[in-house]
Amino acid sequence: MKDPQKVTVFPQSPDVDAPERHKEAFFQVLASIPAGKVTSYGKVAELAGMGRGARLVGRWLGQLPGGTRLPWHRVLNSQGKLSLPPESTSGAEQRRRLMAEGILVRNGRVNLRQHGWP
DNA sequence: CTTATGACGTGGT
DNA sequence: AACCACGCCATAA
């Protein structure tokens, strides 16, 4: 328990600190995506036990600090397409990083058959 | 309290 | 492949 104050006396209280666990799991999953591989927002959510939290994963990725070491660039949509605008700074950076890991990006998309993880 | 808004996903045209 | 309509869900307005 992170905060003893939140330990409720009500047996059926809502799980109020689920978001904290989710974020924790989210970081762990993100950090475990191997170089040279990619996964999807939905898959990250699933692996982190967030259910249908794909959009939330996207939000959190966008909030990562600029200098993070976490491989945010290895997360694409379920079709293997980069969701970041290709002309944007971050979009170009994502493409650059993927290519640098030996992942071919053609028309803003990568081959999941080849680089999909898990 | 309602609407709008997404680094989303799925299913149908 | 491209588009669209919904569903989803936390946040913002």
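Lettering follows sequence order; numbering is per chain, from 1. Computation of the quantities below employed the complete heavy-atom set of this structure, encompassing side-chain atoms and omitting hydrogens, waters and symmetry-equivalent molecules.
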- Query: Under 4.0 Å between a Lys/Arg side-chain N and an Asp/Glu carboxylate O for A:Glu93 and A:Arg96?
  - Reply: yes
- Note on the structure: Given the options A:Leu30, A:Thr39, A:Leu98, A:Pro71 meets side-chain contact (heavy atoms from CB on, under 4.5 Å) only with A:Leu30
- Remember a base hit wins even if backbone is also touched, and classify A:Ser40 as base, sugar-phosphate or nothing at under 4.0 Å, heavy atoms. sugar-phosphate
- Message: Does C:dT11 have OP1 or OP2 under 4.0 Å away from a side-chain N or O of A:Arg55?
- Response: no
- Query: With a non-hydrogen cut-off below 4.0 angstrom, is A:Trp72 in contact with a base, only sugar-phosphate, or nothing?
  - Reply: base
- Item | A:Val38 side chain reached by A:Leu112 side chain, heavy atoms, under 4.5 Å | yes
- Note on the structure: In this structure, NE2 of A:His22 is separated from CH2 of A:Trp60 (nearest 0.5 Å) by 7.5 Å
- Message: Is there a side-chain contact between A:Val44 and A:Leu61 in this structure, where contact means two heavy atoms from C-beta onward sitting under 4.5 Å apart?
- Response: no
- Heavy atoms of chain A, cut-off under 4.0 Å: which first and last nucleotide of DNA chain B, 5' to 3', fall inside that, if you could look? B:dG6 to B:dT10
- Item | A:His115 side, atom NE2; A:Arg74 side, atom CZ - distance, nearest 0.5 Å | 12.0 Å
- Query: Which is true for A:Arg109 with a 4.0 Å heavy-atom rule: it touches a base, it touches only sugar-phosphate, or it touches nothing?
  - Reply: sugar-phosphate
- Task: Return the 5'-most residue of the pair A:Leu76, A:Leu56 with respect to DNA chain B, ranking by each residue's nearest nucleotide.
- Result: A:Leu56
- Earlier contact from the 5' end, DNA chain C, for A:Lys81 and A:Trp60: A:Lys81
- Task: Give one of base, sugar-phosphate or nothing for A:Gly62, where a contact means two heavy atoms less than 4.0 Å apart.
- Result: base
